[in-house]
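Shown next, in C-alpha cells, is the structure this report addresses.
Scope of the values below: all heavy atoms of this structure, side chains included, with no hydrogens, waters or symmetry mates. The structure displayed is predicted, hence computed values, not measured ones.
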Amino acid sequence: MQKSAKYLLVAGNIFLSVAAVLFFAVFYPYHVHYQEQYQLFEFTAAYFSSVVSVPGGLADYLGRFLTQFFLYSGIGSVIYALALVLVQTLTFACCRNKSLVNCALSFLPAVALWVFHLDENALLSADVAVILSLLSAYAVSKVRRNDVRHICLIAGIPVLYFLLGSLSFIFVCILACREKPWWGISGIVLSLALPFAAQYFFDYTLRSLYAGLHYYRFFRVVPAWAWVSVIAILLTVAVDCTVNHSGKSVARPVIFILALAVIAGSVPAALKYQADFDKEELMEYDFLVRFQKWDSIIAAADKKAPDKPLSVSCLNLALAEKWQLADKMFNYFQNGPDGLLPAFVRDFTSPLPTAEAYFRMGMVNTAQRYTFEAQESIPDYQKSARCYRRLAETNIINGDFDVARKYLKPLKNTIFYRQWAKTAEEYLNSGEIFDRSRDLSEISSMRLQNHDFLFSDTEMDSMIGTLMLENGRNMMAIQYLMAYCLLKKDVARFCECYSMIDDGRVPSKSYQEALLLAWVGSHSDFEGLPQYLGGQNTLRINQFIRDYKQGVPADRMEKTYGDTYWFYYYYRYQ
C-alpha cells in the first residue's frame, strides 16, 4: 500500500467515524430513536425463522438486531459510524491496487449510505447486506485455485441472494471483473435471473424482488441511495481493474480530484436536500412524549415554538401534565382544536402521540384504538415494541388480562422491555398490578366507570365533558375540555363549562381573558364585572379593541397581544 493511501485511509476513517457519530448523536438523534420504535426484535427460534425465510432475510434479521439498540441514540450513532467505516474499508480491501485513487473512491459508497440514512424509512439491513456482500467477495477473491473459486462464485450467487437480497449483486460484479468473461457473464446472468425465479416462490412483486425487500420501510419504493452505494462500489472496482493497470497516469490525479470533490460537495448538498430537520423536530416531540419528559418539551418549545398540529399537541399535553395549560397555552402558537387533539390519520406515526393524550386523559379505549391502528399501518408489517407495551397497559386497565398477557409474552423475549413485561405479568398474576403501578392506577381511576359513548371527532367537548362529570378530580379532562372550547372559539360553550368548575378561586389567565371577551360581547360597559376580571385586564382589552378597530397590522398586534386569547380569537384559526 502506498504511504499516501495509508495516511488517507487512517485520516479518512477517523474523520468519517467521528463525523457520523456527532451528526447522528447531536443533530439527528431522534431519527435514530424513530427506527427502534417500529420493530419488535425477539430472541426466539420462531421469530428468526419467520424473518430469514424470505430473500434478504438474514440481512434483515441482523439489521433488526442492531436497530433494537437505537433506543439509545448514542449507541445507534456508533453503529451507523461502524457500518460506514466497514463499507469503506471492505471496498478498499476488494481493490487489488492499494493506490491513493482507489482509497479516495472507496469513501464514495460510505457517503452514499450516509445520505441513504438521512431518510427515516431507510433500514439498517441495507448496510448489513452491503457489508456481507463485500466480505464474501473479498473472501472468495483470496481463493487461489480457479476451480474452487468458480464453484464459490456460482454457488454463492443464489445463497447470498437468499440471505442478503438483491444487494448481493455487489458480490457478483466484483468477482466478474476479475474472472474470465465467460464466468463473469454467467454469474451476472444468473444473478439477474434469480429475482425472476423467486417471484414464483414468494408473494412479492418482481419489482420488489429486484429492488430489495427489507432495505426500505415501504416495499414499493426503490432504495435509490442504497443502489447508488452499489454503483460507487462497482465504479471503484472498475477503476481498479482498468485505470490503475493501464498505465494511464494522467487519469489517476483527475479521478482522485473528482472523488474528493464529490465527497466534499455531497455533504452540504445532502444536508440541504436530503436531511429533514422538520421531521427531526416532530420526532423529538414524539420521543419526549413517549418517555413523559414534560419539562423537556416545554424547554424545546421555549427555544422554538412548534407550529404543526402534532408538535403543538405534544406541547399542550406537556403543559396539561404540568398543570400549566390554562395559564400558558396562548404563550405559544395555537392552530385550533387539531393542535390539542389532532384528527385521526391512518398512518403509523401521528396516532401515537395523540393516543398518549387520550390515554392520560382517561379515554383508554380511544388510546387503544389509535395505538392498534398505528401498529397495523407499519408499512413493512413489523410489530412495534412501543405499541405492544401500550396495548398491554390499555388491556390491563380495561380488565382484559388474558389479552394483556398476549402482548406481554413477546415483550419478554426482548432485551429492553423484558424486565418491564416480566414484572407486569407477575403483578398481574398476583392481582397487585394496580397497587404496584401508580400510573396505571391513576389512569384506571380516570376512565369512565358508569358510562360509555361512541367516539366522534365532532363531539369532542361532549365526550371529554362526560369524563369530567363522572370524575370531578380528573384534572386532565377539565383542562382539555376548557382548552378545546377556547381553541374552537366557542366562548359561550366555554362559559357554560366554566360555570360547572367555578370554585370561587381566581381563574387562570386564559380563562380570565375568555370570560372578559364574553362580557364585552354581551355588555356595553364593565358595570357589575367580577372583581377578578377588572384592573389591568379591562385596560388591556380596551386597548386591544381600539387597536383592532383602527386596523393595526397583525404583526404589531402579535408583538403586543400575542400571548392573549383575544389575539388567537381574532387572528388565528380563521
Side-chain angles (χ1 to χ4, degrees), residues 271-272 275-285 288 295-320 322 324-343 350 353 479-480 482-495 507-523 526 529 533-574:
L271 291 177
K272 183 177 180 180
D276 196 332
F277 290 103
D278 288 338
K279 285 184 179 178
E280 175 70 9
E281 180 182 317
L282 291 175
M283 292 173 188
E284 176 183 5
Y285 280 100
L288 296 175
D295 291 324
S296 298
I297 292 175
I298 297 172
D302 287 336
K303 291 180 181 177
K304 180 186 176 184
D307 57 0
K308 295 177 177 60
L310 193 63
S311 53
V312 173
S313 70
C314 294
L315 170 61
N316 286 332
L317 175 59
L319 292 172
K322 303 300 290 186
Q324 298 176 11
L325 186 61
D327 281 318
K328 295 185 176 181
M329 64 184 299
F330 293 107
N331 289 359
Y332 306 95
F333 174 82
Q334 298 290 340
N335 53 356
D338 274 352
L340 188 69
L341 295 167
S350 59
Q479 290 182 88
Y480 266 75
M482 307 308 289
Y484 182 82
C485 293
L486 291 177
L487 292 172
K488 201 175 179 182
K489 298 186 179 179
D490 192 345
V491 177
R493 179 68 165 158
F494 167 82
C495 293
S508 301
K509 176 179 177 293
S510 62
Y511 296 177
Q512 293 182 41
E513 292 167 351
L515 292 170
L516 194 56
L517 186 63
W519 182 277
V520 170
S522 59
H523 295 77
F526 295 115
L529 182 72
L533 295 179
Q536 291 296 322
N537 283 328
T538 56
L539 294 176
R540 199 176 187 198
I541 195 171
N542 276 330
Q543 186 61 47
F544 175 86
I545 293 172
R546 281 196 296 269
D547 291 346
Y548 179 76
K549 289 181 177 179
Q550 291 173 5
V552 174
D555 56 343
R556 286 177 53 193
M557 293 290 284
E558 183 174 10
K559 289 180 180 179
T560 308
Y561 308 103
D563 63 340
T564 67
Y565 178 64
W566 313 320
F567 180 82
Y568 170 84
Y569 188 87
Y570 285 100
Y571 291 94
R572 299 290 190 206
Y573 184 54
Q574 299 298 327

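- S311 places no side-chain N or O within 3.5 Å of a backbone atom of P306 that could act as its donor or acceptor partner.
- Heavy-atom minimum distance, V491 versus A518: CG1-CB, 3.5 Å.
- A donor-acceptor pair is defined here as one N or O able to donate and one able to accept, closer than 3.5 Å; no such pair exists between the side chain of Q512 and the backbone of L533.
- Between N335 and P309, some side-chain heavy-atom pair lies under the 4.5 Å cut-off.
- When every heavy atom of A300 is checked against every heavy atom of Y285, the shortest pair comes out as C-OH, 3.8 Å.
- Between the side chain of W566 and the backbone N or O of E513 there is at least one donor-acceptor pair closer than 3.5 Å.
- For P342, the side chain to side chain contact (heavy atoms under 4.5 Å, CB included) test picks out S313, T354, with sequence neighbours left out.
- Annotation: ring-ring contact (aromatic ring centres under 6.0 Å, His included) contacts of Y561 (sequence neighbours excluded): F544.
- For K328, the NZ atom counts as loosely surrounded, since its 6.0 Å shell holds 12 or fewer non-hydrogen atoms of other residues, nucleotides or ligands.
- Residues that satisfy the ring-ring contact (aromatic ring centres under 6.0 Å, His included) test with Y548, not counting sequence neighbours, are Y570, Y571.
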Next on the checklist: Pair L516, L529 - check side-chain contact (heavy atoms from CB on, under 4.5 Å), show working.
Outcome noted: CA-CA 9 Å; L516 194 56; L529 182 72; 3.9 Å; yes

Checklist entry - Should I545 and I541 be marked as a side-chain contact (heavy atoms from CB on, under 4.5 Å) after you check the CA-CA gap, both sets of side-chain angles, and the distance that decides it? => result CA-CA 6 Å; I545 293 172; I541 195 171; 4.2 Å; yes

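- Looking at residues two or more places apart in sequence or on another chain, you find no ring-ring contact (aromatic ring centres under 6.0 Å, His included) involving Y484.
- Looking at R556 and T560, their side chains never come closer than 4.5 Å, going by heavy atoms from C-beta outward.
- Rounded to the nearest 0.5 Å, atoms CG (L340) and CG (L319) are 10.5 Å apart.
- In this model, a donor atom of one side chain and an acceptor atom of the other lie less than 3.5 Å apart for D302 and Y332.
- To the nearest 0.5 Å, atoms CG (N316) and CG (L487) are separated by 6.5 Å.
- A distance-only check finds no donor-acceptor pair linking the side chain of S508 to the backbone of Y511 [under 3.5 Å].
- Residue pairs meeting the salt bridge (Lys or Arg N to Asp or Glu O under 4.0 Å) criterion with at least one member in residues 304-314, sequence neighbours excluded, are E281-K304.
- Applying the 6.0 Å contact sphere to CD of Q536 captures no more than 12 heavy atoms from other residues, nucleotides or ligands.
- Residues L486 and Q334 are not in side-chain contact: their nearest non-hydrogen atoms beyond the backbone lie 4.5 Å or more apart.
- Listed here is the closest heavy atom pair of Q479 and A320: NE2-O, 3.0 Å.
- In terms of heavy-atom proximity, A514 sits nearest to F494 at CB-CE2, 3.6 Å.
- Residues A343 and D338 share a closest heavy-atom pair of N-OD1, 3.4 Å.
- For the salt bridge (Lys or Arg N to Asp or Glu O under 4.0 Å) condition, the pairs that include at least one residue of residues 557-574, sequence neighbours left out, are R540-D563, E558-R572.
- When all heavy atoms of V520 and F526 are compared, the pair lying nearest together is CG2-CE2, 4.0 Å.
- A distance-only check finds no donor-acceptor pair linking the side chain of Y565 to the backbone of F330 [under 3.5 Å].
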Item to check | Stepwise side-chain contact (heavy atoms from CB on, under 4.5 Å) check, L515 with C495 | outcome: CA-CA 7 Å; L515 292 170; C495 293; 4.0 Å; yes

Checklist entry - Stepwise, does the side-chain contact (heavy atoms from CB on, under 4.5 Å) test hold for D327 with S510? => result CA-CA 6 Å; D327 281 318; S510 62; over 6 Å; no

